[in-house]
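Since the structure comes first, as structure tokens, the remarks are kept for the end.
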Amino acid sequence: MIFTLDQWSQLQQDKIHIGAAPIGPSVLGHNRQYYFALPARYNYAFPEGYEEVNQIIENHPLQSKE
């Protein structure tokens, strides 16, 4: 997911909500213009390959440039 800084701020202040999950998206990284995030339940149904995705995310693969 990609959010502008203003959208992310509104999301953090509970002014807007994305999706049906009781928690919001988790941030992957950000730069001066955007926040990059994963939906709260991106792996909820444990689809094939979810373990590999978790390993990739744990290694912080996103490198945003300022």
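Here the structure is a predicted model, which means the values were calculated and not measured.
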Side-chain donor/acceptor pairs under 3.5 Å, residues 38-58, sequence neighbours excluded:
unit_1 : atom_1 : unit_2 : atom_2 : d
Y42    : OH     : N54    : OD1    : 2.6
N43    : ND2    : N54    : OD1    : 3.4

- Message: How close do Q63 and H60 get, counting heavy atoms only, and between which atoms?
- Response: NE2-O, 3.2 Å
- Query: Can you tell me how far CD of Q10 sits from CZ of F3, rounded to the nearest 0.5 angstrom?
  - Reply: 11.0 Å
- Query: Just how far is it from atom CG of D6 to atom CG of L11, taken to the nearest 0.5 Å?
  - Reply: 11.0 Å
- Query: Hey, are the side chains of W8 and V27 touching, using non-hydrogen atoms and a 4.5 Å cut-off?
  - Reply: yes
- Task: Please name the pair of heavy atoms, one in L5 and one in Y34, separated by the smallest distance, quoted to 0.1 Å.
- Result: CD2-N, 4.1 Å
- Query: Checking N59 side chain against P61 main chain: does a donor-acceptor pair fall under 3.5 Å?
  - Reply: no
- Message: Measuring from atom CD of Q7 to atom CE of M1, what distance do you get when rounded to the nearest 0.5 angstrom?
- Response: 10.0 Å
Atom pairs and distances, donor-acceptor, side-chain atoms in residues 16-25, under 3.5 Å, two or more places apart:
unit_1 : atom_1 : unit_2 : atom_2 : d
H17    : NE2    : G19    : O      : 3.2
H17    : NE2    : A21    : O      : 2.9

- Point-to-point distance, once rounded to the nearest 0.5 Å, from OG of S26 to CZ of F36: 14.0 Å
